[in-house]
Q: 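One structure, as structure tokens, below. Some questions next.
Chain letters run A, B, ... following the sequence lines, proteins first and then strands; every chain starts at 1.
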Amino acid sequence: MKKQDIPKFREVLLSHYATHKRDLPWRDEGRTPYQIWLSEIMLQQTTVATVVDYYTRFLAQFPTVEDLANASEDDVFHLWQGLGYYSRARNLHKCAKLLVAEYGGAFPREEGELLKLPGIGPYTAAAVASMAFHVPATVVDGNVERVISRLYKTETALPAAKLELTALAKKLSDPAHPAAYSNAIMDFGATVCTPKKPLCLTCPLQPFCASSTPEVALDYPKKIAKTKKPERVGEVFVITDKNGDLLLNKRPNTGLLGGLYALPSRGWDKQDDPLPPRLGYTDAGTITHVFTHFKLTLEVCTATIAGTHPQGQGHAPDNLPPIPTLMRKVLLAAKKQP
DNA sequence: TAGGCGTGGTT
DNA sequence: TAACCAAGCCT
């Protein structure tokens with residue numbers, strides 16, 4: 001795209017956004033920086049459809065950053081359970097506490113200051129600066145990378161292309177309309193310039209685009225081929241005591257499913273959990289679960305003990321601490337096969 | 001810097 | 001069904 005075409009490009013993009021604006025809760029008039037920040041954290045690698053309900057529930061319980069800062073970590077994880085990437089919840093909580101303790105409960109307005117906060121990287125800093133404070137800042141997410149790469153037919157493969165794409169994105173973004181432009185270009189990627197079925201034939205940006213047909217567009221952005229997921233297998237144990245309580249352990253704060261609670265298991269994770277001695281188990285079948293970097297198959301073993309679980313490790317099934325979806329699957333399998 | 005880090009929907 | 005994808009961040 002020529003430099004003199006950029007104003008027209010912005011005009012067309014913003015005009016398309018104005019007429020195709022999706023009604024999303026974090027986009028409502030009068031949303032606070034806290035609310036916009038929360039939505040951006042939840043939307044990291046997570047679909048809009050999944051986020052909406054979590055977002056609504058979260059704000060109902062924690063309407064302000066002070067409410068979040070004062071919450072217990074378990075309460076935060078409870079609202080996050082099932083959403084995945086749990087370090088986001090930990091950093092969200094940490095960030096809220098930091099804001100209240102050292103920033104007077106208010107977000108900084110500048111991209112560079114936002115970037116210093118836990119859980120806020122280049123994308124989220126630009127998103128909050130532009131959307132919450134109308135400060136010129138260029139968002140570069142997966143959508144933007146795809147749109148820009150197709151507009152210019154960039155040949156460098158991701159993730160190495162990130163720098164090049166960011167430089168191009170900065171030239172295109174509209175400093176006069178930071179919030180609208182950020183939303184517009186990402187919406188455009190999500191609804192028109194989509195990964196699998198780009199709508200090139202009716203695309204309003206076609207006059208500016210070096211691809212301009214689906215056949216060409218689908219080749220961009222170039223990507224490094226991903227390696228196949230390894231498979232892991234193990235056993236997981238559903239152990240009920242005489243009160244009907246389940247045995248759960250809190251996982252370490254870092255690493256996989258960090259900070260959540262889990263049924264004892266063996267064979268697949270970094271460490272095997274200790275088990276009650278000399279126990280006979282009933283086979284309740286297997287469950288499978290796919291993580292980002294491996295596939296897991298667990299044999300579900302159930303047992304009942306005559307005594308009670310150690311203090312703090314027994315939990316009533318109707319009042320469980322935050323557990324990941326993986327463990328929900330295990331409990332469902334155990335319930336089906338009594 | 002490349003890999004760790006969840007989950008659910010789509011193709 | 002296996003692979004891909006979704007408003008990335010951290011180490």
Q: Please walk me through it: do A/E231 and A/T297 pass side-chain hydrogen bond (donor to acceptor under 3.5 Å, both in side chains)?
A: CA-CA 8 Å; A/E231 300 185 18; A/T297 301; 5.6 Å; no

Q: Which part of the nucleic acid, if any, lies within contact of A/A190, taking any heavy atom under 4.0 Å across all strands shown: a base, the sugar-phosphate backbone alone, or nothing?
A: sugar-phosphate

Q: Say whether A/L68 and A/L114 are linked into one hydrophobic cluster, either directly or through other cluster members, by side-chain heavy-atom distances under 4.5 angstrom.
A: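 Same hydrophobic cluster.
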
Q: Say you pick atom P in C/dA7 and the same atom in B/dG3; how far apart are they, in whole Å?
A: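 The same atom, P, in both gives a distance of 23 Å.
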
Q: Using whole Å, report how far CG of A/D141 lies from P of C/dC9.
A: 10 Å

Q: Counting only side-chain N and O atoms of A/R88, is one of them less than 4.0 Å from OP1 or OP2 of C/dC10?
A: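 For C/dC10, neither OP1 nor OP2 has a side-chain N or O of A/R88 closer than 4.0 Å.
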
Q: Kindly point out which of C/dA7, C/dC9, B/dC5 is positioned nearest to the side chain of A/P122?
A: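 The answer is C/dC9, which lies nearest to the side chain.
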
Q: Testing A/R90, A/K94, A/H78 one by one against A/E73 for a side chain to side chain donor-acceptor pair (under 3.5 Å), which residue passes?
A: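 Testing A/E73 for a side chain to side chain donor-acceptor pair (under 3.5 Å) against A/R90, A/K94, A/H78 leaves exactly one candidate, A/R90.
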
Q: Which part of the nucleic acid, if any, lies within contact of A/R27, taking any heavy atom under 4.0 Å across all strands shown: a base, the sugar-phosphate backbone alone, or nothing?
A: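 Base contact.
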
Q: Atom CZ of A/F188 to atom P of C/dA6: distance rounded to whole Å?
A: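 Those two atoms, CZ and P, are 15 Å apart.
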
Q: Taking any heavy-atom pair under 4.0 Å as a contact, classify A/G258: base, sugar-phosphate, or nothing.
A: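 A/G258: no heavy atom of the nucleic acid under 4.0 Å.
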
Q: May I have the distance from A/Q45 (atom CD) to C/dC5 (atom P), rounded to whole angstrom?
A: 12 Å

Q: As a test of reading the structure: which of B/dT7, C/dC10, C/dC5 is closest to the side chain of A/L326, going by heavy atoms?
A: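 Of the options given, the side chain of A/L326 lies nearest B/dT7.
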
Q: Is the shortest side-chain N/O distance from A/H289 to OP1 or OP2 of B/dG6 below 4.0 Å?
A: no

Q: Checking side chain to side chain donor-acceptor pair (under 3.5 Å) against A/Y220, which of A/E155, A/R146, A/R150, A/E145 comes through?
A: A/E155

Q: Could you work out which one of C/dA6, C/dA7, B/dT7 sits closest to the side chain of A/T47?
A: C/dA6

Q: Could you pick out which residue, A/W26 or A/L117, lies toward the 5' side of DNA chain C when each is mapped onto its nearest nucleotide?
A: A/W26

Q: Classify A/V144 by what it touches in the nucleic acid, base, sugar-phosphate, or nothing, heavy-atom distance under 4.0 Å.
A: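 Touches nothing.
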
Q: Is the base of B/dG8 touched by the side chain of A/T50 through a donor-acceptor pair closer than 3.5 angstrom?
A: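 No, no donor-acceptor pair under 3.5 Å.
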
Q: Just N and O in the side chain of A/T325: are any of them under 4.0 Å from OP1 or OP2 of B/dT7?
A: yes

Q: Using atom P of each nucleotide, how far apart are B/dC5 and C/dA6 to the nearest Å?
A: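 Between the two P atoms, the distance is 22 Å.
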
Q: Rounded to whole angstroms, how far apart are CG on A/L115 and C1' on C/dC9?
A: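 That distance rounds to 10 Å.
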
Q: What is the distance, rounded to the nearest whole Å, between atom OH of A/Y85 and atom P of C/dA7?
A: 13 Å

Q: Under 4.0 Å, counting only non-hydrogen atoms across every strand here, what does A/K270 touch: a base, just sugar-phosphate, or nothing?
A: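 Touches nothing.
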
Q: With heavy atoms under 4.0 Å as the rule, sort A/G189 into base, sugar-phosphate or nothing.
A: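 Nothing, no heavy atom under 4.0 Å.
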
Q: Flag this pair as yes if the NZ/CZ of A/K295 is under 6.0 angstrom from the six-membered ring centre of A/F291 and inside a 45 degree cone about the axis; otherwise no.
A: no

Q: Would you mind classifying the nucleic acid contact of A/K162 as base, sugar-phosphate or nothing, using non-hydrogen atoms under 4.0 angstrom?
A: nothing

Q: Is A/L24 touching bases, backbone alone, or none of the nucleic acid, heavy atoms closer than 4.0 Å?
A: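 If one applies the 4.0 Å heavy-atom cut-off, A/L24 turns out to touch a base.
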
Q: To the nearest Å, give me how far apart CD (A/E145) and P (C/dC9) are.
A: 11 Å

Q: A/T46 near the nucleic acid: base, sugar-phosphate alone, or nothing, with a heavy-atom cut-off under 4.0 Å?
A: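 If one applies the 4.0 Å heavy-atom cut-off, A/T46 turns out to touch a base.
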
Q: Can you check the A/F294 CZ to B/dG6 P distance for me, whole Å?
A: 9 Å

Q: When you compare C/dC9 with B/dG8, how far apart are their P atoms, in angstrom units rounded to a whole number?
A: 22 Å

Q: Check the orientation of A/W268 and A/F294. Use parallel for under 30°, tilted for 30 to 60°, and perpendicular for over 60°.
A: tilted

Q: So, is A/K223 near the phosphate of C/dC5, with a side-chain N or O under 4.0 Å from OP1 or OP2?
A: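 For C/dC5, OP1/OP2 do have a side-chain N/O of A/K223 under 4.0 Å.
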
Q: For A/T124, report the nucleic acid contact type (base, sugar-phosphate, nothing); a contact means any heavy atom under 4.0 Å.
A: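 Contact class for A/T124: sugar-phosphate only.
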
Q: Just checking A/I41: base, sugar-phosphate only, or nothing, at a heavy-atom cut-off of under 4.0 Å?
A: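 The answer is nothing, as A/I41 stays clear of every strand by at least 4.0 Å.
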
Q: Just checking A/R90: base, sugar-phosphate only, or nothing, at a heavy-atom cut-off of under 4.0 Å?
A: nothing

Q: Rounded off to whole Å, could you give me the CD1-to-P distance for the A/I224 and B/dG3 pair?
A: 11 Å

Q: Nearest-nucleotide wise, let me know which of A/N183 and A/K196 is further upstream toward the 5' end of DNA chain C.
A: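 The 5'-side residue here is A/K196.
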
Q: Take A/P159 and A/S87, find for each the nucleotide of DNA chain B with the closest heavy atom, and name the residue whose nucleotide sits nearer the 5' end.
A: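 The 5'-side residue here is A/P159.
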
Q: Look at the rings of A/W37 and A/Y34 and say which category their plane angle falls in: under 30° parallel, 30 to 60° tilted, over 60° perpendicular.
A: tilted

Q: Just checking A/W80: base, sugar-phosphate only, or nothing, at a heavy-atom cut-off of under 4.0 Å?
A: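 If one applies the 4.0 Å heavy-atom cut-off, A/W80 turns out to touch nothing in the nucleic acid.
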
Q: Picking from C/dC9, C/dA7, B/dT7, which would you name as closest to the side chain of A/Y86?
A: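 Output: B/dT7.
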
Q: Is it true that A/K2 and A/D5 have a side-chain N and a carboxylate O under 4.0 angstrom from each other?
A: no

Q: Determine whether any donor atom in the side chain of A/Y123 lies under 3.5 Å from an acceptor atom in the base of C/dG8, or the reverse, and answer yes or no.
A: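 A donor-acceptor contact between them is absent.
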
